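In what follows, a single structure is set out as structure tokens and then discussed.
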Amino acid sequence: MAADRLYLDHAATTPMLPAARDVMMEAMANWANPSSPHADGRAARAKLEDARARIAAALGWNGHVIFTSGASEAIAIGLLRTKAGRVVTSPVEHDAVLRVTKGADRLAVTSAGLALSLRHSRLRGDDDQARVGTLLAIQHVNNETGVIQPLDRIDRDGAILFADCAQSAGKLPLPDADMIAISAHKFGGPPGIGALLLCDLALIEPSGGQEQGYRAGTENLPAILAMAAALEAREDWLPRAAALRARLDAGIEAAGGIIVAPDAPRLPVIASYRMPGLSARAQLIQFDLAGISVSAGSACSSGSLKTSHVLGAMGWDEAAAAEVVRVSFGPQTCDSDMDRFIAVWKSMAERASQ
């Protein structure tokens, strides 16, 4: 990042940790195909399996780890190759989930974006599908609002639980789920690598090829090693992030802004705010000109700047939702960064109200 710019879009991607970058550079200089039978290939395979075990240990995961190109691919594998007869999600999921579950049942959500349980949601009845089983796909932390779904307490009524943990892995303990999607570039690893965590391989149909027959393609060993290094190097900076967000919340409210889901449990590193009278598009341009990088919702859909489906599901009208931007922190974010953002926000809000 340029020295004079303030990067507050870590939910889109966060810079690689030095430990991960160093490991990846070293691995790229000397590696072989882990599937090759010769000595170099066997050495690469040993490194791959060691990294798999280290990643599981760092996450506290006792099941299988299938490497993918990221959380989006992990989600697609889990949801499209599930053996369950029915898939149920919520309307506040990431686009990666909604794209592959068109026509699926959606749980109702509260105004804070919290999903109601299976028992308390009105879903289409299908006895044949119910007999085969239900897969419930719920995001652990919402990528736009930071709202934490209490997955360990949700009544899933016997359903298989698939948790999208792209935003929470490496920050919060993993939930008690049957399948989990993670992405390395959200916690200081490189882009283009992630994993599908499975408590039982029998939950999905195999595809053949590498990764125990569940994901074809040569494994990206340098990125996998860097992913392991990133997880092992991470620090618990959430208490400091909580203080930063409290400072930001107070400054935004004092300047006439509106906090999205202020009373819901939220991951401290993500927050969304509405500036009445100024569109998110105009805000992004002005923040960018002021040297500050923020976003309007998910990076996967913000290029079109379409109205947030997350805010719509939470009951926000289109006009209000179109005035919301997302701010997200990283380990190096500090108090002076919050003060700089608040000062720019206040100036923009004052001009918008004139």
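Just so you know, these numbers use all the heavy atoms, side chains as well, and skip hydrogens, waters and symmetry mates. No experiment lies behind these values; they were computed from the predicted model shown.
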Which pairs with one or both residues in residues 259-295 pass ring pair (Phe, Tyr, Trp, His ring centres under 6.0 Å), sequence neighbours excluded?
-> F287-F341
Does any non-hydrogen side-chain atom of R351 lie less than 4.5 Å from one of S347?
-> yes
Distance, nearest 0.5 Å, that separates CG of D40 from CZ of R45 | 14.5 Å
R266 and its side-chain hydrogen bond (donor to acceptor under 3.5 Å, both in side chains) partner, picked from N142, T145, D249 = D249
Answer yes if the side chains of H10 and S328 hold a donor-acceptor pair under 3.5 Å, and no otherwise.
-> no
In the hydrophobic cluster built from side-chain contacts under 4.5 Å, what are the other members alongside I182?
-> V23, W31, L48, I55, L59, W61, V65, F67, L174, I180, F187, I193, L197, L221, I224, L225, M227, L231
Tracing side-chain contacts under 4.5 Å among Ile, Leu, Val, Met, Phe, Trp and Tyr outward from L17 reaches none
Residue set satisfying ring-ring contact (aromatic ring centres under 6.0 Å, His included) with H185, at least two apart, ordered chain then number -> none
Residues in side-chain hydrogen bond (donor to acceptor under 3.5 Å, both in side chains) contact with Q167, at least two apart in sequence or another chain | none
Quick check: are there more than 12 heavy atoms from other residues, nucleotides or ligands sitting under 6.0 Å from CD of E49?
-> yes
Without hydrogens or angle criteria, can the side chains of S90 and R106 be said to hold a donor-acceptor pair below 3.5 Å?
-> no
Step by step, work out the side-chain hydrogen bond (donor to acceptor under 3.5 Å, both in side chains) result for R42 and S36.
-> CA-CA 7 Å; R42 296 196 303 272; S36 296; over 6 Å; no
Do any pairs count as a ring pair (Phe, Tyr, Trp, His ring centres under 6.0 Å) and have a residue in residues 203-255, sequence neighbours left out, and if so which ones?
-> none
Linking directly or through intermediates, with side-chain heavy atoms under 4.5 Å: list the remaining ILVMFWY members grouped with I285, chain and number order.
-> L289
Report yes if some heavy atom in the side chain of V324 is under 4.5 Å from a heavy atom in the side chain of L311; otherwise report no.
-> yes
Do the side chains of P150 and P265 get nearer than 4.5 Å, heavy atoms only?
-> no
Which residues share a side-chain hydrogen bond (donor to acceptor under 3.5 Å, both in side chains) with D288, sequence neighbours left out = R5
For atom CG of D317, is the number of surrounding heavy atoms from other residues, nucleotides or ligands below 6.0 Å larger than 12?
-> yes
Modelled atom types, side-chain donor and acceptor of R340 and S336, under 3.5 Å | no
Any side-chain heavy-atom pair of L98 and K102 under 4.5 Å = no
Among Ile, Leu, Val, Met, Phe, Trp and Tyr joined by side-chain contacts under 4.5 Å, find the other residues sharing a cluster with M28 and list them by chain and number.
-> M16, M24
Hey, could you give me the CD/CE distance between Q286 and M275, rounded to the nearest 0.5 Å?
-> 7.5 Å
Residue pairs meeting side-chain hydrogen bond (donor to acceptor under 3.5 Å, both in side chains), one or both in residues 250-260, sequence neighbours left out, come to none
Check the pair S295, R326 against side-chain hydrogen bond (donor to acceptor under 3.5 Å, both in side chains), reporting the backbone distance first and the verdict last.
-> CA-CA 5 Å; S295 66; R326 180 185 69 183; 3.1 Å; yes
Sequence-distant partners of Q212, side-chain hydrogen bond (donor to acceptor under 3.5 Å, both in side chains), two or more places apart = none
Among side-chain atoms of N143 and Q139, is any donor-acceptor pair under 3.5 angstrom?
-> yes
Could you walk me through whether T89 and E93 pass side-chain hydrogen bond (donor to acceptor under 3.5 Å, both in side chains), step by step?
-> CA-CA 7 Å; T89 68; E93 300 303 305; 6.0 Å; no
For T82, all residues meeting side-chain hydrogen bond (donor to acceptor under 3.5 Å, both in side chains), sequence neighbours excluded | none
